[in-house]
Amino acid sequence: MAGNIDRAIDRLIALQDLLQLKRDITDHSYGEIGFETVDPTAVDEEIESLTAEIEPDIMRRFDTIRRKYDRPLVPMRRGVCYGCFVKFPTGRMAELLEQDVPILCESCGRMLYQIP
Ligand SMILES: [Zn+2]
């Protein structure tokens, strides 16, 4: 996997966390358990800053998948997608890992990052 894809994935993981945080702080019931200390404007600014540093093609893809899933990016381990638990054939995995684009699950369509 190319280094620039790894960097984009790292940013997307952080972005996904921030988007979740934003959902949590806009859900009023969370105020009762401590989320009132989070500044929504600061979260928005950070989301904007991260988004600007992600390649537009990858960002567009991420946004498209996000219309369908709250978590568009999920880990993949031993060829298994952690979004839908479908396993990729070994040969197909090797093919996908050589490409210079984020891997998409061929079953659920989520974006994948490989973990050991
Ligand atoms: Zn999947």
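Numbers here are sequence positions counted from 1. Please read these numbers as outputs of a predicted model, since none were measured by experiment. Order of appearance sets the numbers: ligands from 1, and atoms from 1 within every ligand. Note that these values count all heavy atoms, side chains included, but never hydrogens, waters or copies made by symmetry.
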Practice problem: Assess whether atom CZ of R78 is packed by more than 12 heavy atoms of other residues, nucleotides or ligands within 6.0 Å. | Solution: no

Only distances under 3.5 Å count here; give the side-chain donor-acceptor pairs of residues 50-62 to other protein atoms, sequence neighbours excluded, each with its distance to 0.1 Å.
unit_1: T51; atom_1: OG1; unit_2: I47; atom_2: O; d: 2.6
unit_1: E53; atom_1: OE1; unit_2: R11; atom_2: NE; d: 3.1
unit_1: E53; atom_1: OE1; unit_2: R11; atom_2: NH2; d: 3.3
unit_1: D57; atom_1: OD1; unit_2: R60; atom_2: NH2; d: 2.7

Quiz item: Are there any protein N/O/S atoms under 2.8 Å from the Zn ion (ligand 1), and if so, which?
Solution: C81 SG, C84 SG, C105 SG, C108 SG

Self-check item: Within 45° cone of Y69 ring axis and under 6.0 Å: R110 NZ or CZ
Solution: yes

Practice problem: Quick one: closest heavy-atom pair of Y113 and L73, and the distance? | Solution: CD2-CG, 3.7 Å

Quiz item: Where the side chain of R77 meets the backbone of P116, is there a donor-acceptor pair that is under 3.5 Å apart?
Solution: yes

Self-check item: Test applied, side-chain contact (heavy atoms from CB on, under 4.5 Å); reference residue, V43; option that passes from D24, L21, L19
Solution: L21

